[in-house]
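Just so you know, these numbers use all the heavy atoms, side chains as well, and skip hydrogens, waters and symmetry mates.
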Amino acid sequence: MDEHESPELTEEEKQLFADLMPDDLAEIMNTGVNRRHFLKLLTLAGGGILAAQSAVAERVLTRPSRETLPVELAPSSLENGVDIGLKVNGKAHKLTIDSRMTLLDTLRERLNLTGSKKGCDHGQCGACTVIVNGSRVLSCLTLAASCEGKTVQTIEGLAQGNRLHPMQEAFLKHDGFQCGFCTPGQICSAVALLDEAKKGHTSYVTGNVRQPGGPVKLSNEEIRERMSGNICRCGAYPNIVAAIQEVHSGKPVEQVFRSA
């Protein structure tokens with residue numbers, strides 16, 4: 001239901017709110033039913049409290065929404081607006097954004113690229129990981145304004161048309177996800193990880209950090225260490241490691257969920 005919908009309620013609906021939410025009735029009559037009222041009514045319905053008024057409640061709960069979300073914010077509505085230009089998944093964008101807006105919110109709210117997920121919003125879970133100029137970053141901690149002139153790649157930009165990226169195919173093969181919430185960040189992190197290994201970047205568990213630069217052969221321990229910033233609350237870690245190892249080595253890796 002639209003948060004700004006006019007309060008056109010029938011007498012039965014008014015009585016419903018008067019009986020169940022008397023403290024909110026005045027607000028409902030003035031401004032209409034907003035999300036808070038809707039969720040409260042939904043909770044009462046789930047608790048079986050609306051047995052006597054079920055027909056009236058059903059009409060309110062199933063009333064179609066007329067809400068439309070703007071793709072672009074009007075620059076005049078921004079107090080700290082800045083103009084930025086960046087390339088996302090191969091497409092150039094010029095935006096006027098709040099100077100405090102994160103890259104994650106810009107991708108999700110301004111460009112409708114909702115693959116990158118907002119998990120903890122504190123840079124601790126890795127669900128928001130994207131690739132900026134070839135390096136993985138936590139987009140929830142990255143100001144969009146700092147990406148001026150840079151190239152951003154998200155989970156939506158990895159596939160080539162209908163052809164999946166090899167890492168995406170490996171995640172499917174090895175069942176590297178369950179609920180899927182962390183998967184976009186996991187895959188973006190894994191793609192960048194392989195590029196880091198090719199460039200010879202070391203990690204905490206690398207044996208000889210003084211070895212001349214060159215591609216690093218990743219052990220499972222190396223992969224686990226380098227992916228430690230991406231949390232999977234479902235616990236699909238062995239499958240994720242197997243998927244990354246297969247793409248890295250170019251050789252088939254036994255599917256661990258089958259051997260288990």
Side-chain angles (χ1 to χ4, degrees), residues 84-95 97 101-172 174 176-177 180-204 213 215-216 218 222-232 236-237 240-241 243-250:
I84 65 167
L86 70 168
K87 183 177 288 187
V88 181
N89 297 331
K91 183 178 179 180
H93 295 274
K94 289 187 177 181
L95 300 167
I97 61 169
M101 197 171 196
T102 65
L103 177 59
L104 176 61
D105 287 340
T106 301
L107 292 172
R108 291 179 58 83
E109 298 178 14
R110 299 297 302 280
L111 300 180
N112 288 328
L113 296 172
T114 56
S116 304
K117 297 297 186 284
K118 180 177 286 193
C120 65
D121 208 22
H122 286 76
Q124 296 178 349
C125 73
C128 68
T129 304
V130 298
I131 303 171
V132 178
N133 281 4
S135 300
R136 48 182 166 165
V137 303
L138 298 168
S139 60
C140 76
L141 297 184
T142 304
L143 287 176
S146 71
C147 297
E148 166 68 30
K150 296 183 179 180
T151 299
V152 180
Q153 190 173 34
T154 70
I155 189 67
E156 291 92 342
L158 292 180
Q160 299 295 323
N162 293 327
R163 183 179 180 182
L164 294 178
H165 187 281
M167 190 63 70
Q168 292 173 308
E169 292 180 339
F171 264 67
L172 285 171
H174 289 277
F177 53 90
F181 188 85
C182 74
T183 306
Q186 297 274 6
I187 292 178
C188 284
S189 188
V191 170
L193 179 157
L194 295 187
D195 191 49
E196 293 166 5
K198 288 180 181 177
K199 294 177 181 177
H201 294 186
T202 59
S203 77
Y204 180 76
V216 176
L218 298 176
E222 279 272 14
I223 293 174
R224 286 192 291 267
E225 168 63 24
R226 293 169 187 257
M227 289 293 293
S228 60
N230 291 81
I231 296 173
C232 173
Y237 297 114
I240 292 170
V241 172
I244 297 172
Q245 186 62 261
E246 181 164 306
V247 178
H248 171 63
S249 66

Contacts table for residues 133-145: side-chain donor-acceptor under 3.5 angstrom, sequence neighbours left out:
{"from": "N133", "atom 1": "OD1", "to": "T151", "atom 2": "N", "distance (Å)": "2.9"}
{"from": "R136", "atom 1": "NE", "to": "E196", "atom 2": "OE2", "distance (Å)": "3.0"}
{"from": "R136", "atom 1": "NH1", "to": "S189", "atom 2": "OG", "distance (Å)": "2.5"}
{"from": "R136", "atom 1": "NH1", "to": "R226", "atom 2": "O", "distance (Å)": "3.0"}
{"from": "R136", "atom 1": "NH2", "to": "E196", "atom 2": "OE1", "distance (Å)": "3.0"}
{"from": "R136", "atom 1": "NH2", "to": "R226", "atom 2": "O", "distance (Å)": "3.2"}
{"from": "S139", "atom 1": "OG", "to": "C128", "atom 2": "O", "distance (Å)": "2.6"}
{"from": "T142", "atom 1": "OG1", "to": "L138", "atom 2": "O", "distance (Å)": "2.8"}

Evaluate the criterion side-chain contact (heavy atoms from CB on, under 4.5 Å) for residue pair M101 and R110; output intermediate values, then yes/no.
CA-CA 10 Å; M101 197 171 196; R110 299 297 302 280; 3.7 Å; yes
Candidate list T114, T129, N89, test side-chain hydrogen bond (donor to acceptor under 3.5 Å, both in side chains), partner T154, passing option
N89
How close do F177 and F171 get, counting heavy atoms only, and between which atoms?
CE2-O, 3.7 Å
Considering all heavy atoms, the nearest A170-V247 contact:
CB-CG2, 3.6 Å
Checking the side chain of N230 only, and the main-chain atoms of G185 only, is there a donor and an acceptor separated by less than 3.5 Å?
yes
d(T202 OG1, E222 CD) to nearest 0.5 Å is 8.5 Å
Which pair of heavy atoms, one from G119 and one from A127, lies closest together, and at what distance?
N-CB, 4.4 Å
Rounded to the nearest 0.5 Å, what's the gap from CG on L164 to CG on L172? Could you check?
6.0 Å
Distance col, row I131:CD1 vs D195:CG, nearest 0.5 angstrom, shows 8.0 Å
Using modelled atom types and a 3.5 Å cut-off, is there a donor and acceptor pairing between side-chain atoms of E148 and backbone atoms of G85?
yes
If I compare all heavy atoms of S228 with all of E225, which pair ends up nearest, and what's the gap?
OG-O, 2.8 Å
So which atom in Q153 and which in G157 form the shortest heavy-atom distance, rounded to 0.1 Å?
NE2-O, 3.3 Å
Please list all pairs meeting side chain to side chain donor-acceptor pair (under 3.5 Å) that have one or both residues in residues 115-124, counting only residues at least two apart or in different chains.
D105-K118
Quick one, T183 with I155, criterion side-chain contact (heavy atoms from CB on, under 4.5 Å). Give me CA distance, side-chain angles, the key distance, then yes/no.
CA-CA 9 Å; T183 306; I155 189 67; over 6 Å; no
Shortest non-hydrogen pair, H174 vs A243, comes out as CD2-CA, 3.7 Å
Residues that Q245 engages under side-chain contact (heavy atoms from CB on, under 4.5 Å), provided they are two or more places apart
N220, I223, H248, S249, V253
Taking atom NZ of K150 and atom CG of L86, what is their separation to the nearest 0.5 Å?
10.5 Å
What distance do E109 atom CD and I97 atom CD1 have between them, rounded to the nearest 0.5 Å?
11.0 Å
As an exercise, state the distance from CG of L158 to CD of Q160, rounded to the nearest 0.5 Å.
9.0 Å
Would you say H165's side chain and M167's backbone share a donor-acceptor pair under 3.5 angstrom?
yes
Whether the side chain of Q168 engages the backbone of I187 through a donor-acceptor N/O pair (distance < 3.5 Å, no angle test) should be reported.
no
